[in-house]
Amino acid sequence: MGLIPKKTDLTPVWDKKPQSKRTTKPKTKGKKKKSLTKFDKYRMRVNELTEEVKHLIEGIENRGWHKFHIDHKISIKWGFDNNIPEKYIAHPDNLQMLWWKENFNKNIVCEVDNKNQWIVGDLKVYENRSDIYYRED
């Protein structure tokens, strides 16, 4: 009885197609993509409009992650809750450059001044609210 010679593969390694190690699709554990809420869509639209007019903001050249941020004086959340059109919240009269820490601390508090008062209209409606205040320049 003789030995059967083993067949040797002489094909160079680089000529072979790589074989996938994965044999099954990864499991997503039942996670589905969350659909966007009305607020998410509103915020995204305000941010798009803001990016279009940012060149009109005084001090925009100082913008940076740990520098100055674009601040919406009347916040996006407040605008959404009070049915203010996105284009008004993104209007240059409602935008300012604010130091990043101040912007984070400000959160959703709204600042109304002579430039953006036209957005909220009559301030007497908002007299007893703690999330909006009037600043005279």
Side-chain angles (χ1 to χ4, degrees):
M1 283 189 126
L3 294 174
I4 301 173
K6 185 178 178 184
K7 292 184 180 178
T8 340
D9 186 9
L10 300 174
T11 310
V13 176
W14 55 85
D15 285 346
K16 293 182 183 179
K17 292 182 181 177
Q19 293 181 354
S20 174
K21 293 180 182 179
R22 179 173 284 163
T23 57
T24 60
K25 292 182 179 178
K27 295 181 181 179
T28 57
K29 296 183 182 179
K31 292 181 183 177
K32 295 180 180 178
K33 281 189 175 180
K34 291 183 181 178
S35 58
L36 295 175
T37 64
K38 288 181 181 179
F39 174 68
D40 291 333
K41 292 175 184 175
Y42 181 89
R43 184 186 67 229
M44 288 169 59
R45 182 66 181 139
V46 169
N47 287 335
E48 287 171 7
L49 294 169
T50 300
E51 285 297 313
E52 290 175 14
V53 298
K54 69 182 179 186
H55 64 281
L56 301 172
I57 306 170
E58 184 179 335
I60 189 67
E61 64 278 357
N62 298 322
R63 184 181 186 194
W65 182 246
H66 285 293
K67 294 182 180 181
F68 287 87
H69 288 188
I70 296 175
D71 173 53
H72 296 85
K73 297 177 193 177
I74 298 170
S75 74
I76 297 172
K77 176 72 171 132
W78 197 89
F80 175 77
D81 291 343
N82 292 280
N83 299 315
I84 297 175
E86 296 97 330
K87 64 182 180 180
Y88 293 172
I89 298 300
H91 193 278
D93 288 348
N94 191 45
L95 303 174
Q96 67 180 350
M97 297 307 296
L98 198 61
W99 185 246
W100 70 277
K101 286 184 180 180
E102 291 176 36
N103 199 23
F104 286 132
N105 290 335
K106 179 183 169 228
N107 203 359
I108 61 168
V109 174
C110 299
E111 180 181 316
V112 178
D113 57 19
N114 291 332
K115 283 184 173 181
N116 67 350
Q117 184 175 356
W118 62 271
I119 297 171
V120 295
D122 187 13
L123 282 175
K124 290 181 182 176
V125 176
Y126 309 106
E127 274 182 338
N128 298 323
R129 302 218 16 202
S130 61
D131 60 346
I132 188 166
Y133 68 94
Y134 184 75
R135 187 186 80 194
E136 293 184 29
D137 289 333

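By convention here, the first residue in the shown sequence is residue 1. Here the structure is a predicted model, which is why all the values come from computation and not from measurement.
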Spacing of [atom1] belonging to [X] relative to [atom2] belonging to [Y], to within rounding of 0.5 Å:
X      : Y      : atom1 : atom2 : result
Met97  : Ile70  : CE    : CD1   : 5.5 Å
His91  : Leu49  : NE2   : CG    : 11.0 Å
Glu111 : Lys106 : CD    : NZ    : 6.5 Å
Trp78  : Lys73  : CH2   : NZ    : 14.5 Å
Met44  : Leu36  : CE    : CG    : 5.5 Å
Glu86  : Arg43  : CD    : CZ    : 12.5 Å

Checklist entry - Quick check: are there more than 12 heavy atoms from other residues, nucleotides or ligands sitting under 6.0 Å from CD of Glu58? => result no
Checklist entry - Of all heavy-atom pairs between Ile89 and Tyr42, which one has the smallest distance, and what is that distance? => result CG1-OH, 3.3 Å
Checklist outcome for this item: Taking every heavy atom of Ser75 against every heavy atom of Cys110, the minimum-distance pair comes out as N-SG, 3.4 Å
Item to check | pair Asp71-Gln96: side-chain heavy atoms closer than 4.5 Å | outcome: yes
Item to check | Working for side-chain contact (heavy atoms from CB on, under 4.5 Å), residues Lys54 and Ile57 | outcome: CA-CA 5 Å; Lys54 69 182 179 186; Ile57 306 170; 4.2 Å; yes
Next on the checklist: We want to know whether Asn47 and Thr50 form a side-chain donor-acceptor pair, criterion being a heavy-atom distance below 3.5 angstrom.
Outcome noted: no
Item to check | Side-chain donor/acceptor of Asn103 to backbone N/O of Leu98, under 3.5 Å | outcome: no
Checklist entry - With distance as the sole test, does Asp113 use its side chain to make a donor-acceptor pair with the main-chain N or O of Asn116 at under 3.5 Å? => result yes
Are [X] and [Y] connected in the hydrophobic side-chain network, where two residues link if heavy atoms are under 4.5 Å apart?
X      : Y      : result
Ile76  : Tyr88  : yes
Val120 : Phe80  : yes
Val53  : Ile84  : no
Leu95  : Phe104 : yes

Checklist entry - Do Phe68 and Trp99 have their ring centres less than 6.0 Å from each other? => result yes
